[in-house]
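Worksheet: the structure to be examined is printed underneath.
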Amino acid sequence: MKEMIYQTVCPGCNIGCGLYIRENEEGALTVDFMKSSSANLGKLCRFGMKLPHHYSKATSMVDGKEADIDAAVKAASDKLKGTRNVTMLAVGATTNEEHLGFTKIADALGTVVNTGIGAYEEIPSECHPSISQGIPLDDIENAGRIALFIDPYVQYPLLVRRLLAAKKNGATIVSLTCCDLNLADENVSINPADYKTELGLDSNSIIITDVNPHSDAEQVKNLLNLALVTGSKIMFMKPFVNSTGVHLLGKSAGQIGLHDIMDGINDGSIKTLVTLNSDLLELMPNTADAAETLEKLDDLVVITSIDGPVNEMATIVIATEPLYAKAGSFMNVEGQVLNNSGESTVGIDAMSTLSQNLGGEAFDFQAMHSKMMESVVRKFTAPKYSELECKVMETAAPAENSGNLISVYNPFMWCNQTDDNDFVIVNMNMVDKLGLQKGGMISLTSDAGSVNMRYTVRDIPDGLILTMKKLPVVTGNTTEVKAEAV
Ligand code: SF4
């Protein structure tokens with residue numbers, strides 16, 4: 001094989017940073033910068049720089065034995081034919097075209113594709129486009145005031161340069177995150193009921209938050225309301241490379257979130273699950289709990305380009321080509337369609353065969369690409385911010401933090417990749433209270449187990465511990481842990 005160079009997009013989050021992947025004759029990968037990419041101008045965060053580690057190639061399997069892709073598709077067809085109550089999940093970690101192919105399989109099975117974000121279920125559908133569509137990243141640089149509900153350094157790193165540019169242009173930044181942010185002019189903690197009066201937002205302001213599978217619907221509503229009553233723009237960042245595309249392509253009615261899927265498996269109402277590049281062992285807060293739940297399925301059919309941990313549990317794995325090699329497109333958080341230079345259609349072709357075997361439509365890449373252009377690009381691509389279409393909603397109080405250990409979701413955590421940031425964050429009061437020693441460890445114990453971690457000190461509220469890594473003691477967004485010095 002000669003060396004190949006692919007123009008592609010980082011799958012770490014929905015900013016959609018452009019880059020090149022170089023694959024040498026032995027199959028080894030390296031990353032090259034793409035200065036012409038408007039989303040990131042050639043820059044990448046730590047996750048983007050470590051992408052070669054992320055692209056572990058999947059192998060097709062049937063009942064735990066290696067198989068070729070045709071045999072895996074046939075086995076999946078035999079399993080799914082006539083099966084009722086199939087649940088399908090695709091969070092947006094692959095191309096628009098593959099997602100559309102997956103929806104054709106859902107049509108054949110008489111179901112919908114769930115994108116896994118439970119908050120959508122509780123928010124009126126007229127608000128969904130406002131959550132799905134973002135604003136041009138350049139608009140951030142021209143805002144007068146920015147309210148940050150996410151930690152850009154940890155969660156969406158390429159936002160930082162936009163925020164610094166905004167400050168240079170005269171913006172003030174107010175942060176409502178757990179950690180005080182150096183780039184913020186004000187770091188505050190405000191009750192949602194007081195956002196409108198205390199944040200000083202107006203039509204020249206931008207609210208930046210995110211929506212992910214573990215988001216609290218009440219907080220999403222609160223922030224939409226805040227945008228409506230202040231006239232501010234609002235930007236929902238999202239964790240998966242094609243989160244925006246799949247929300248615009250999908251049928252929002254009848255969708256359920258990841259937590260409902262896991263509940264359905266636990267109560268026996270979901271027996272068969274089909275996933276597309278969506279590994280529940282990585283996506284759920286506690287891997288061991290998620291594995292215990294997935295064991296209860298009769299059949300788990302995994303269509304994926306990654307050699308993820310869930311593949312070992314699957315009844316059938318249909319292995320597709322690596323994301324960088326696929327023909328296809330993604331839609332980033334600002335509504336830009338970004339195209340891969342790859343030309344491989346292994347995944348689409350496998351899904352077409354599966355669809356036909358189930359009595360559904362045949363399709364090819366070109367048909368899916370044309371449909372995507374028609375149904376998404378012409379309707380939704382946002383060269384400028386669109387006014388919110390929803391009305392102010394009734395809200396309840398956001399869910400109380402029920403624990404002292406807070407998970408700060410970030411690209412490494414969503415993909416369960418190792419990272420150098422192998423520590424938790426505490427404040428000086430906790431160091432003194434627990435008697436933590438310089439260079440020592442902190443022991444964390446919850447109902448799920450124990451772990452010893454290195455720690456670093458930052459200015460965070462008393463009593464809290466932040467983790468940017470998936471820990472075995474974690475049971476949700478927040479977890480009650482007992483902390484001790486080791
Ligand atoms: S993880 Fe997000 S911010 Fe980092 S390089 Fe990838 S797309 Fe860009």
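In each ligand, atom 1 is the first atom listed, and ligand 1 is the first ligand listed. Throughout, residue positions are numbered sequentially from 1 according to the sequence presented.
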Is it true that Tyr6 and Tyr324 have ring centroids separated by less than 6.0 Å?
-> yes
Residues at least two apart in sequence or cross-chain that pass ring pair (Phe, Tyr, Trp, His ring centres under 6.0 Å) with His214, listed by chain then number, are His259, Tyr409, Trp414
Inset, instruction - Answer yes if the ring centres of Tyr156 and Phe47 are under 6.0 angstrom apart, and no otherwise. - result: no
Within a distance under 2.8 Å of atom 8 (Fe) of ligand 1, the protein atoms of type N, O or S are Cys17 SG
Before accepting this row, confirm whether a basic side-chain N of the pair Arg162/Glu334 lies closer than 4.0 Å to the acidic partner's carboxylate O. no
### Aromatic plane relationship, Phe365 with His369 - under 30° parallel, 30 to 60° tilted, over 60° perpendicular
parallel
Checklist entry - Hey, are Lys326 and Glu98 close enough for a salt bridge, meaning a charged N less than 4.0 Å from a carboxylate O? => result yes
